[in-house]
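Excluded from the calculations below are hydrogen atoms, water molecules and symmetry mates; all remaining heavy atoms, backbone and side chain alike, are included. If you read the sequence from its start, that first residue is 1, and numbering goes on from there.
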Amino acid sequence: MSLLDGRKYTVAAPGTPQKVSSRLYLDGGAEAEAPTGVRIRAVHASPHAPEVDLFAIAKTTTKVSSRLSFGQATRYVATPAGSYGLEVRPTGSKTVVLKVPSVSLKAGSVYSVYVVGSAKNKTLQALLTLDSE
């Protein structure tokens with residue numbers, strides 16, 4: 001991937017201490033503009049988790065990602081500003097493997113949710129980052 005002038009990137013090191021890799025993710029861009037609502041994407045950074053779906057839970061449920069594999073990032077998804085809980089489920093399952101209590105998503109902001117840790121060791125966590133305001 002070539003780095004573009006004026007763009008923001010995140011460098012992540014998903015994996016385990018024994019087998020770490022590096023990934024470069026483009027933050028923002030035209031798809032991430034959020035003038036009235038928010039934009040959110042998911043990044044699968046857990047090497048011991050299967051493909052997952054990520055859901056934002058409020059009055060309604062919004063699927064943020066579907067069939068997300070290790071190392072992949074989704075496109076940014078538009079959603080209204082507000083407070084959301086987050087759920088991670090193995091693709092095609094109703095079983096919740098990670099549930100995050102309500103987080104506040106501010107209007108005009110762009111976020112990434114990194115799924116980290118190990119499903120095998122039951123240490124999955126969600127790391128919410130602010131990509132831009």
Side-chain angles (χ1 to χ4, degrees):
M1 172 184 256
S2 298
L3 299 178
L4 303 172
D5 189 31
R7 298 288 183 103
K8 294 180 183 179
Y9 298 87
T10 295
V11 177
T16 64
Q18 297 78 21
K19 191 175 181 182
V20 70
S21 60
S22 62
R23 307 283 175 145
L24 185 66
Y25 300 103
L26 175 62
D27 296 337
E31 73 175 37
E33 293 175 9
T36 57
V38 300
R39 300 277 185 183
I40 189 168
R41 71 171 171 187
V43 180
H44 189 321
S46 173
H48 296 125
E51 284 187 338
V52 296
D53 297 336
L54 177 72
F55 296 85
I57 312 296
K59 293 177 183 173
T60 61
T61 300
T62 302
K63 186 181 274 190
V64 176
S65 73
S66 182
R67 302 187 58 86
L68 189 63
S69 296
F70 173 67
Q72 290 183 324
T74 65
R75 297 180 64 81
Y76 288 96
V77 175
T79 191
S83 293
Y84 292 88
L86 301 171
E87 290 184 354
V88 176
R89 306 174 194 168
T91 295
S93 173
K94 292 184 179 183
T95 302
V96 177
V97 294
L98 174 61
K99 187 171 189 164
V100 179
S102 186
V103 294
S104 181
L105 303 179
K106 182 181 162 190
S109 297
V110 181
Y111 300 91
S112 290
V113 177
Y114 291 83
V115 178
V116 300
S118 171
K120 183 171 135 182
N121 297 335
K122 298 185 180 177
T123 59
L124 281 181
Q125 299 177 38
L127 174 63
L128 180 69
T129 63
L130 178 63
D131 296 345
S132 67
E133 295 185 279

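- Heavy atoms only, all atoms of each residue included: Pro90 and Pro50 are closest at CB-CG, 4.2 Å.
- Nearest heavy-atom pair across Thr74 and Ser65 is CG2-CB, 3.1 Å.
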Side-chain atoms of residues 92-102: list all donor-acceptor pairs with protein atoms under 3.5 Å, sequence neighbours left out, distances to 0.1 Å.
{"residue": "Ser93", "atom": "OG", "partner": "Thr95", "partner atom": "N", "Å": "2.9"}
{"residue": "Ser93", "atom": "OG", "partner": "Thr95", "partner atom": "OG1", "Å": "3.3"}

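- Residue Ser66 holds its OG atom at 11.5 Å from CZ of Arg89, rounded to the nearest 0.5 Å.
- Taking every heavy atom of both residues into account, Tyr111 and Tyr76 meet most closely at O-CE2, 3.6 Å.
- Clustering of Ile, Leu, Val, Met, Phe, Trp and Tyr by side-chain heavy atoms under 4.5 Å joins Ile57 with Phe55.
- In this structure a side-chain-to-backbone donor-acceptor pair under 3.5 Å is missing from Ser118 to Thr123.
- In this structure, the side chains of Asp131 and Arg41 come closer than 4.5 Å at one or more pairs of heavy atoms.
- With sequence neighbours excluded, the residues that form a side chain to side chain donor-acceptor pair (under 3.5 Å) with Thr91 are Asp53.
- Taking both residues in full, the closest heavy atoms of Leu54 and Ala42 are given as CD2-CB, 3.5 Å, listed atom of the first, atom of the second, then distance.
- Glu51 is linked by a side chain to side chain donor-acceptor pair (under 3.5 Å) to Arg67, Ser69, counting only residues two or more places apart in sequence or in another chain.
- Every side chain to side chain contact (heavy atoms under 4.5 Å, CB included) that Val52 has, sequence neighbours left out, goes to His44, Leu68, Val88.
- For the pair Ala73 and Val43, the tightest heavy-atom approach, listed with the atom from each and the gap, is CB-CG2, 3.8 Å.
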**Message:** Apply side-chain contact (heavy atoms from CB on, under 4.5 Å) to residues Ser46 and Tyr114 and explain how you reach the verdict.
**Reply:** CA-CA 9 Å; Ser46 173; Tyr114 291 83; over 6 Å; no
**Request:** Evaluate the side-chain contact (heavy atoms from CB on, under 4.5 Å) criterion for residues Leu128 and Leu105: first the C-alpha distance (whole Å), next the side-chain angles of each, then the deciding distance (0.1 Å), finally the verdict.
**Result:** CA-CA 10 Å; Leu128 180 69; Leu105 303 179; 4.2 Å; yes
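- Judged as a side chain to side chain donor-acceptor pair (under 3.5 Å), and not counting sequence neighbours, the contacts of Thr79 are Tyr84.
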